[in-house]
There are 2 protein chains.
Amino acid sequence: MPATRNKNTPVSHAQVPRSDRLDTRVLETFVGYNARRAWLAVTEVFAERMAAYGLKQVDFSVLSLLAHNPGATSRQLCSTLDILPPNLVSLIAAMDSRGLIERRPHPHDGRAIGLHLTPAGEELIHEAERTVTELEADASARLTARERETLIRLLQKVYLPS
Amino acid sequence: MPATRNKNTPVSHAQVPRSDRLDTRVLETFVGYNARRAWLAVTEVFAERMAAYGLKQVDFSVLSLLAHNPGATSRQLCSTLDILPPNLVSLIAAMDSRGLIERRPHPHDGRAIGLHLTPAGEELIHEAERTVTELEADASARLTARERETLIRLLQKVYLPS
DNA sequence: TATTGTTATACTCTATAACTATA
DNA sequence: TATAGTTATAGAGTATAACAATA
């Protein structure tokens, strides 16, 4: 509800926002809205600094997962990251072409393919993980270490089953 | 680090993940990763329950913003929600066609158009805001009221300037 | 000269159906 | 019969360039 205004105030029309910024107080009461905005803020920094590695977020996630889960299959990557199988194919092919990963026959399932990082892939993801750790710290610089831990714990409470 | 295993255990190869679920501990140390996962979790519930209103997240945001900022312009919506102007055009047109919003000449800028909710739009967003409030509570049901407040405050600390 | 709203368009992301090889 | 990986394709989301009308 608009406050009463002096008739002589130059620009003062009811029903017309007076500044560029709109009132976002209602949207800001929602976890979904805030989580997306925070993600977008981090994403911006991520994109800037990871361009040097030629890695998008999903590429980074896949390589990092393979670094700590050697031999994982496409299906496992898909279900872990909520990617649809058809959308992972070209991504995996591109990283294979770049010499970052290798496809090896799966030891006990002829349908599946075990994915492994090459030495080049190992080195790249090692550097990339360091850069992401830095970038994350910068992107959340207004949080104390304690607050950052709390934030992550609460986010996981929203999306993790357990 | 894998536990030692009985030689007779059927499937046990080093370098091969033994379960479907991969080790995501590294990814889970990042705010960006967790914020996106949490957002996706809320988004799923949002999509389910808001389909009845024919509203996507961006539609809801626009209508809610107009409910509390009557007469706002496309440009203001765009800068507030980080939408590019060309991408808002068809969205606004659709809501106009549905009779949810009205375009009125801007009182003191002939280039701009003031956007207003119609009575139908007012009623729809009023119901929709109630539903979103409920759905948000359900989607973050594992959080106490206190934790939910904390989560939102910390997320805003990541993306809001101030 | 700059800004608002718009058109056309391209690029990326996400989703569905259907196929093959293997289980 | 079901699953892993793949192909082709469609749809949604996001991006840039350029224009008319107004400031």
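Each chain gets a letter, A, B and so on, in the order its sequence line appears, and its residues count up from 1.
- The neighbour count for B/Glu134 CD, taken as heavy atoms of other residues, nucleotides or ligands under 6.0 Å away, is above 12.
- A/Glu136 places a side-chain N or O within donor-acceptor distance of the main-chain N or O of B/Val31, the cut-off being under 3.5 Å.
- Listed by residue number, B/Lys56 are the residues of residues 54-67 of chain B with a heavy-atom contact under 4.0 Å to DNA chain D.
- Here the closest non-hydrogen pair linking B/Leu88 and B/Ser74 is CD2-O, 3.6 Å.
- Distance alone, capped at 3.5 Å, is enough to place a donor-acceptor pair between the A/Gln156 side chain and the B/Glu28 backbone.
- Under the side chain to side chain contact (heavy atoms under 4.5 Å, CB included) criterion, A/Ala41 pairs with B/Tyr159, sequence neighbours left out.
- Contacts with DNA chain D (heavy atom under 4.0 Å) in residues 36-51 of chain A: A/Arg36, listed by number.
- Between A/Arg111 and the phosphate of D/dG5, there is no side-chain N or O to OP1/OP2 separation shorter than 4.0 Å.
- Ranking C/dT4, D/dA4, C/dT6 by closeness to the B/Ile113 side chain, first place goes to C/dT6.
- One atom, NE2 of A/His108, and another, C1' of C/dT22, lie 14 Å apart when rounded to the nearest Å.
- Taking the ring-ring contact (aromatic ring centres under 6.0 Å, His included) definition, one finds that B/Tyr33 meets it with nothing, sequence neighbours left out.
- In the region residues 78-95 of chain B, proximity to DNA chain D at under 4.0 angstrom, judged on heavy atoms, holds for B/Leu84, B/Pro86, B/Asn87.
- A donor-acceptor distance shorter than 3.5 angstrom exists from the side chain of B/Arg98 to the backbone of B/Gly54, with no hydrogens or angles considered.
- B/His106 places its NE2 atom 18 Å from the C1' atom of C/dT6, with the value rounded to the nearest Å.
- Residues A/Asp109 and B/Asp109 each lie close to DNA chain D; by heavy-atom proximity, the contact nearer the 5' end of the strand is made by A/Asp109.
- Atom P of nucleotide C/dA23 and atom CZ of A/Arg75 are separated by 16 Å, given to the nearest angstrom.
- Side-chain atoms of A/Ser64 never come within 3.5 Å of backbone atoms of A/Ser61 as a donor-acceptor pair (strictly under, hydrogens ignored).
- A heavy-atom distance below 4.5 Å is not found between the side chains of A/Thr24 and B/Asn69.
- Grouped with B/Leu40 in one hydrophobic cluster are B/Trp39, the linkage being side-chain heavy-atom contacts under 4.5 Å among Ile, Leu, Val, Met, Phe, Trp and Tyr residues.
- Proximity of B/Arg21 to A/Thr80: side-chain heavy atoms (C-beta onward) are separated by under 4.5 Å at one or more points.
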